[in-house]
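Each ligand, and each atom within it, is numbered from 1 in the order the structure gives.
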Amino acid sequence: MTQNKKLSNWVNDMAKLCKPDKIHWCNGTEDEFSEMIRLLTESGTCMKLNEDKKPNSYYFKSDPKDVARVEDRTFICSEKEIDAGPTNNWKNPKEMKEELLNLFNGTMRGRTMYVIPFSMGPIGSKISMNGVQLTDSPYVVISMKIMTRMGAEVMNKIEDDFVPCIHSVGYPLENGTKDIPWPCNETKYIVHFPEERAIWSYGSGYGGNALLGKKCFSLRIASKVAKDEGWLAEHMLIVGITSPEGKKHYFAAAFPSACGKTNLAMLKPSLPGWKVETVGDDIAWMRFGNDGRLYAINPENGFFGVAPGTSMVSNPNAFLTLEKNSLFTNTALTDDKDVWWEGLTSEKPEHLIDWNGNDWTPKMHHPAAHPNSRFTTSASQCPTMDQDWENPNGVPISAIIFGGRRASFIPLVYEAFSWQHGTFIGATVSSETTAAAAHQVGQLRNDPFAMLPFCGYNMGDYFGHWLKISQSTASEKLPKIFNVNWFRKDNDGKFLWPGYGENIRVLQWIFERVEGNGGAVYSPLGNIPTENSIDLRGLNLPAETMKELFNIDKEAGLSEAERVQNYFTIFGEQLPKEMNDELEKFKERFTKL
Ligand code: GTP
Ligand code: SPV
Ligand code: MN
């Protein structure tokens, strides 16, 4: 319960609308967690994993139609359509509210409404923001306990500026209907009212659709707040890098969903003497400090990470993090009640239960784990957490890195000529789509700043905000901007670059550039490493491969320019003039090549 009138009135109003049997105010205790697990076990939603393999961990299988974010059902309902922009779905907020009021009417019948007070960022920090999520899903309650600071301590601190987030799986239990393991609804709505700062989510119980503190609050709503207040809310990991000489820099990197943020944030360096420490793996809130430098915090408290591809070899730090007290959703299950996914072991087990609950053997052609199966686990368990990861003032950012999945054209790494050019690089990030959202996988699409599905206002204005923010400080205090591509392929479709722990070799070059060293040479995309300035010692990489990784093709560049030009037209008047200037310069550089 709460003394806060605004909060109690809102909860009462929403209870009148949703008509739950009960209201439960979450306190965030272990007892409460156990009670949720008891309920989830009873409804067949979860199964305890083998205590010897994964202590205190639970296995979940979602409805096969509720496995990823639903971008075509995600709406930004700003007062004016132009403020949602060409990259977001928009509906008139009044009409949308009416529709939602209909959908939410009685949606929690036969269920409990859980009231989850949560803080994005350390509790009580000046740059943290509070939210309250109402949900009828105990799975969401336990996930929010891991992913955010949640419970009684936050409740005591909540004032009138909390972000109200209402969520229902859309499966009321009327007239004694029996519950099913993963209740959800075919109709889905993930709706944001940026001016009102409110979130309404209906019909899905999974990931970013349902854990409203994450993409809905910390990116879509926060990006709008950030624009209004002069800071940045970004789809970025934050990582601390210490050189063998003991110098340290923090980098922030924006890659689209399922393109390597968690892996880079926890990277185990293959080069001796280098140390990598984790601040965050998905979201960064960044503001300028009194010293004129850009400081970042990770608003989250845990990781909701892609399971496939994660192993003791590829990402030992993630693996050590998820070994206990974790939730696993849509992975496969072994005969001894442990989890398994593609890439976990070099040999596939002889028998599994796949994510659909069916028997599976290696002869079968479909993956045993869903490609967007994920682990939910606490940041505090990660062996590489940085000593300043909860510093309320954040960590100073020396470099910003963009990237995506590009089978061709984009080299392993290049450096922007300027902040404005870096903004152009961010604005033109494109990537082959992944299973993180419900759509066709492997299609190249524009995903500016890796924020395409997460920007809560007009993307053209967002480019303008990035340009404007650089005027908050002296240019030498701005982070340097880079672009990387771990995903370039050879003619046989194999990745050219080994990736993962070997990415330290690229980070080393970026580190040296930040320090004012490191060999660089002009290319039409940006400055690239001189030959031998990327340390390849201990890596058996043919010189040919390195050449291929940095091959910059004139024809491909010119057709990229055309692609970008076409894309830019969708922004109309909202496209800052500087972006067209940069495009012209880009064309010119490739024409001269
Ligand atoms: P979201 O949580 O969706 O925002 O994703 P993310 O950006 O954190 O992606 P993540 O690090 O979980 O990686 C997604 C997939 O890419 C996993 O299957 C990884 O194994 C794979 N991956 C990550 N880094 C590399 C790399 O350097 N090279 C290659 N080839 N694959 C990688
Ligand atoms: C992403 O899709 O970028 C994620 C997973 O980080 S989700 O929380 O489902 O959005
Ligand atoms: Mn993400």
key: Atom indices of ligand 1, in the order listed, that fall short of 4.0 Å to a heavy atom of Pro256   = 7 (O)
note = Under 4.0 Å from one or more heavy atoms of Ser257, ligand 2 contributes atoms 1 (C), 2 (O), 3 (O)
message = Please work out, at 4.0 Å between heavy atoms, whether the side chain, the backbone, both, or neither of Leu264 comes within that distance of ligand 1.
response = neither
request  = Under 4.0 Å from a heavy atom of His235: give me the atoms of ligand 1 that qualify, with their elements.
outcome  = 4 (O)
key: Those atoms of ligand 1 less than 4.0 Å from some heavy atom in Arg374   = 1 (P), 2 (O), 3 (O)
inquiry  = Any nitrogen or oxygen of Phe495 lying under 3.5 Å from a nitrogen or oxygen in ligand 1? Just yes or no.
reply    = no
Sub-4.0 Å atoms of ligand 1 with respect to non-hydrogen atoms of Arg405 = 15 (C), 16 (O)
ask   = What does the angle at the Mn ion (ligand 3) come to, between atom OD1 of Asp282 and atom NE2 of His235, rounded to 10°?
value = 90°
For atom 22 (N) of ligand 1, the protein heavy atom that lies nearest, with its residue and separation = Tyr500 OH, 3.4 Å
Polar contact flag, side-chain donor to acceptor under 3.5 angstrom, Tyr139-Thr329 = yes
Under 3.5 Å side-chain donor-acceptor pair for Thr310 and Asn315 = no
query = Taking the six-membered ring where the residue is Trp, are the ring centres of Phe217 and Phe118 under 6.0 Å apart?
reply = yes
ask   = Could Glu71 and Arg69 be called an ion pair, given the rule that one side-chain N must be under 4.0 Å from one carboxylate O?
value = yes
ask   = With a 4.0 Å heavy-atom cut-off (strictly under), which part of Pro308 contacts ligand 1: side chain, backbone, both or neither?
value = backbone
ask   = If you measure from each non-hydrogen atom of Phe454 to ligand 2, which part falls under 4.0 Å: side chain, backbone, both or neither?
value = side chain
message = If we set the cut-off at 4.0 Å for heavy atoms, which region of Tyr206 has an atom near ligand 2: side chain, backbone, both, or neither?
response = neither
key: Contact check, Lys261 vs ligand 2, heavy-atom distance below 4.0 Å   = no
key: Metal site the Mn ion (ligand 3): N/O/S of Lys215 inside 2.8 Å   = yes
request  = Do me a favour and list the nearest non-hydrogen protein atom to atom 4 (O) of ligand 1 with residue, atom name and distance?
outcome  = Lys261 NZ, 2.7 Å
key: Protein heavy-atom partner closest to atom 11 (O) of ligand 1 - residue, atom, separation in Å   = Asn263 ND2, 2.8 Å
ask   = Do any nitrogen or oxygen atoms of Gly260 lie less than 3.5 angstrom from nitrogen or oxygen atoms of ligand 1?
value = yes
request  = Mind checking whether Leu211 contacts ligand 2 via backbone (N, CA, C, O), side chain (CB onward), both or neither, at a 4.0 Å heavy-atom cut-off?
outcome  = neither
key: Sub-4.5 Å side-chain heavy-atom contact between Asp66 and Asn209   = yes
task = Please work out whether any backbone atom (N, CA, C, O) or any side-chain heavy atom from C-beta onward of Phe487 is under 4.0 Å from ligand 1, and answer side chain, backbone, both or neither.
result = side chain
request  = Is it possible for you to check whether Lys227 lies under 6.0 Å from the centre of the six-membered ring of Tyr457, through NZ or CZ, and within 45° of that ring's axis?
outcome  = yes
request  = List for me each residue that meets ring pair (Phe, Tyr, Trp, His ring centres under 6.0 Å) alongside Phe550, sequence neighbours excluded, and say none if there are none.
outcome  = none
remark   = Here the atoms of ligand 2 under 4.0 Å from any heavy atom belonging to Lys214 are 6 (O), 8 (O)
query = Are any of the N or O atoms of Lys215 closer than 3.5 Å to those of ligand 1?
reply = no
message = Quick check on contacts: which atoms of ligand 1 are under 4.0 angstrom from a heavy atom of Val306?
response = 12 (O)
